[in-house]
Number of protein chains: 2
Amino acid sequence: MNDKFYALPREKQKRIINAGFSVFAKNTYKKSPVNEIALEAGISKSLLFFYFRNKKELYLFLLRTVEEITNKALKESGAYEGEDIFDIMYKGLMTKARLMKAYPDMSRFSLKAYYEKDPDLSREIRKIVSPYTRIETYKALPPMDPKKFKDGIDLNMMYRDIFLASEGFFWKIEQGDNFNEDEFVSEYKKLIDFWKSVYLKEEGWKCT
Amino acid sequence: MNDKFYALPREKQKRIINAGFSVFAKNTYKKSPVNEIALEAGISKSLLFFYFRNKKELYLFLLRTVEEITNKALKESGAYEGEDIFDIMYKGLMTKARLMKAYPDMSRFSLKAYYEKDPDLSREIRKIVSPYTRIETYKALPPMDPKKFKDGIDLNMMYRDIFLASEGFFWKIEQGDNFNEDEFVSEYKKLIDFWKSVYLKEEGWKCT
DNA sequence: AATAGTATTAACCGGGTCGGTCAACAGGCT
DNA sequence: AGCCTGTTGACCGACCCGGTTAATACTATT
């Protein structure tokens with residue numbers, strides 16, 4: 001790929017990247033017209049081929065970009081160091097919301113990439129996509145202090161419930177094209193507070 | 001469309017229908033090759049064009065078929081007449097499982113149809129797809145007796161939690177192509193039982 | 001204003017795909 | 001053989017798509 005791309009104003013880079021996410025998220029790799037990406041980015045197809053040698057290079061660049069963006073966001077949010085499970089979830093939510101605002105089609109793109117079947121690509125895709133991204137997260141639940149939770153609660157099932165509801169929540173948002181960040185966050189906060197009230201012994205602090 | 005189609009053995013009809021669901025679920029209407037459908041159904045493209053005048057007719061037929069199938073299934077399951085919410089959910093689950101086994105790609109197809117943008121189609125799609133199918137179901141929660149639930153539970157939030165988790169559950173299953181019906185049902189039963197244990201006052205009967 | 005250098009595009013090419021048609025074929029029945 | 005019904009391979013014209021290239025617009029420098 002042409003290094004000139006990095007010299008572009010960030011604004012324009014993002015427009016191109018998002019256009020790529022959008023088109024590749026909608027169609028298979030093979031059925032995603034480069035022209036459509038260029039159009040959506042507001043540039044000509046020729047220029048796109050000036051920055052990226054060919055379609056494949058563009059695609060793989062986008063895939064690497066996903067990794068880069070998410071890793072950076074996760075590190076910045078401090079989502080890894082968690083004391084209590086609800087805190088972790090809240091942090092995760094905020095980063096996800098920020099990401100969805102900046103790159104609306106990124107997650108759908110990466111999901112589609114994960115299931116891409118094109119023989120030219122699948123090998124290289126699996127080389128780039130970090131395996132843990134799509135792992136069944138609920139199996140790696142963080143250590144929790146059982147004393148904090150109400151008696152008789154099956155913690156594994158609790159985590160499963162929370163995890164599934166979160167997935168459903170994000171999924172519904174990714175479906176509709178109307179994405180109001182504030183509403184999104186406050187709705188999810190309500191959910192977290194509800195879970196706290198149901199599962200936690202002491203109805204203590206609410207998340208800020 | 002040609003009435004001869006209905007004279008076909010049910011087996012063959014289903015193969016064609018499912019092939020249509022599968023291909024149209026993967027791609028946009030415009031980018032769904034009729035040939036691929038024929039191939040997947042094990043017949044020739046020519047024959048497909050013998051039964052259906054053109055691509056559009058085939059598509060709309062499939063859409064009407066979705067309505068027909070789901071309506072029939074819902075009526076048969078008695079999912080409408082519900083005493084308690086968990087019972088309703090359980091019935092709904094079983095019908096959904098049955099449907100997913102018989103028509104694996106149907107729900108993804110109908111979802112995609114809902115968001116189809118093709119100018120030739122969107123008008124006629126909206127004419128066929130019954131509006132209530134995609135309504136936010138959790139707003140139409142059935143009348144519940146508050147006494148049965150533990151004190152202090154926010155019933156609306158409870159229903160929201162359950163609804164979202166179910167969506168997430170179905171969504172995860174629709175993603176992966178491995179669909180084990182038994183495992184599916186038993187997993188969901190576990191969830192329902194968990195919810196009962198958490199939300200209900202008397203830990204009574206488990207669902208059969 | 002002329003030049004030079006860079007960013008950007010319109011026009012084009014060859015190969016492939018797709019919706020749709022049609023003449024032909026296969027197989028059972030009389 | 002002749003007929004009917006179900007089925008297909010081969011074909012067509014239009015369009016699409018990845019990629020190239022020659023030309024244009026833009027900007028800065030002299």
Side-chain angles (χ1 to χ4, degrees), chain A residues 1-17 19-63 112 116-121 124, chain B residues 1-17 19-63 112 116-121 124:
Chain A
M1 70 170 290
N2 191 333
D3 278 346
K4 292 280 176 65
F5 178 79
Y6 295 113
L8 254 44
R10 258 197 137 59
E11 170 66 28
K12 205 168 186 176
Q13 285 187 38
K14 259 177 84 170
R15 245 171 43 218
I16 295 175
I17 289 173
F21 286 161
S22 160
V23 173
F24 282 126
K26 271 201 274 287
N27 316 299
T28 331
Y29 168 76
K30 205 186 172 194
K31 302 202 179 182
S32 298
V34 176
N35 193 26
E36 211 168 299
I37 298 176
L39 230 59
E40 206 161 304
I43 63 176
S44 72
K45 182 178 60 160
S46 325
L47 189 53
L48 207 48
F49 273 111
F50 173 67
Y51 293 127
F52 303 92
R53 219 184 309 277
N54 51 35
K55 190 179 175 181
K56 189 173 170 183
E57 192 180 89
L58 168 60
Y59 184 86
L60 294 176
F61 163 78
L62 287 175
L63 207 54
K112 200 132 202 189
E116 177 64 55
K117 296 246 174 46
D118 193 293
D120 262 25
L121 285 175
E124 317 205 33
Chain B
M1 72 170 288
N2 192 332
D3 278 345
K4 292 280 176 63
F5 178 79
Y6 295 112
L8 253 43
R10 260 198 138 57
E11 172 66 29
K12 205 167 187 177
Q13 286 187 38
K14 259 178 84 170
R15 245 171 42 219
I16 294 176
I17 290 174
F21 286 162
S22 161
V23 173
F24 281 126
K26 271 200 276 288
N27 318 298
T28 331
Y29 168 76
K30 206 186 171 193
K31 303 202 179 180
S32 298
V34 176
N35 192 26
E36 210 169 298
I37 298 177
L39 230 58
E40 207 161 302
I43 63 176
S44 72
K45 183 176 59 159
S46 325
L47 190 52
L48 206 48
F49 274 110
F50 172 68
Y51 292 128
F52 304 92
R53 218 183 311 276
N54 51 34
K55 191 179 175 180
K56 190 172 168 183
E57 192 179 271
L58 168 59
Y59 184 87
L60 293 176
F61 163 77
L62 288 175
L63 208 53
K112 199 132 203 187
E116 177 64 54
K117 295 246 173 50
D118 193 292
D120 262 24
L121 285 175
E124 315 204 35

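Quick note on labels: first sequence line is chain A, next is B, and so on, each numbered from 1.
Minimum atom distance to the side chain of B/Lys12 is reached by D/dT7, of the listed D/dG19, D/dT7, C/dT8. With D/dG9, C/dT8, C/dG19 as the candidates, the nucleotide lying closest to the side chain of B/Ser44 is D/dG9.
Contact of A/Ser46 with D/dG19 (side chain to base): no donor-acceptor pair of N or O atoms is detected under 3.5 Å. Scanning atom types as modelled, no donor and acceptor separated by under 3.5 angstrom connect the side chain of A/Lys55 and the base of D/dG19.
In this structure, B/Tyr51 reaches the sugar-phosphate backbone alone: every heavy-atom distance under 4.0 Å involves primed, P, OP1 or OP2 atoms, never a base. Here A/Lys4 lies in heavy-atom contact (under 4.0 Å) with sugar-phosphate atoms only.
Taking atom CD1 of A/Ile16 as the reference point, atom P of C/dA7 lies 13 Å away to the nearest angstrom. In this structure, the CG atom of A/Asp118 is 14 Å from the C1' atom of D/dG18, given to the nearest Å. With rounding to whole Å, A/Phe50 atom CZ is found 16 Å from D/dA22 atom P. Rounded to a whole Å, the CZ atom of B/Arg15 is 10 Å from the P atom of D/dT7. Remark: P of C/dT17 and NZ of B/Lys45 are 12 Å apart, rounded to the nearest angstrom. Taking atom CZ of residue B/Phe49 and atom P of nucleotide C/dA23, one finds them 18 Å apart after rounding to whole Å. Between B/Leu39 atom CG and D/dT8 atom P the separation is 11 Å, expressed in whole Å. Atom CG of A/Leu47 and atom C1' of D/dG19 are 14 Å apart (whole Å).
Under the 30°/60° scheme for interplanar angles, the aromatic rings of A/Phe61 and A/Phe52 are found to be tilted.
Here the straight-line distance linking atom CD of B/Glu40 with atom CZ of B/Phe21 works out to 12.5 Å at 0.5 Å rounding. Atom-to-atom distance recorded for B/Ile43:CD1 and B/Leu8:CG is 8.0 Å, nearest 0.5 angstrom. Put simply, CG on A/Leu58 and CZ on A/Phe49 are 8.5 Å apart, with the number rounded to the nearest 0.5 Å.
A salt bridge links B/Lys56 with B/Glu124; the closest basic N to acidic carboxylate O contact falls under 4.0 Å.
In this structure, A/Ile16 and A/Leu48 have side chains that are in contact, with non-hydrogen atoms separated by less than 4.5 Å. Between B/Asn27 and A/Asn27 there is no side-chain heavy-atom pair separated by less than 4.5 Å.
Contacts between residues 19-36 of chain B and DNA chain C, defined by a heavy-atom separation below 4.0 Å, involve B/Ser32, B/Pro33, B/Val34, listed by number.
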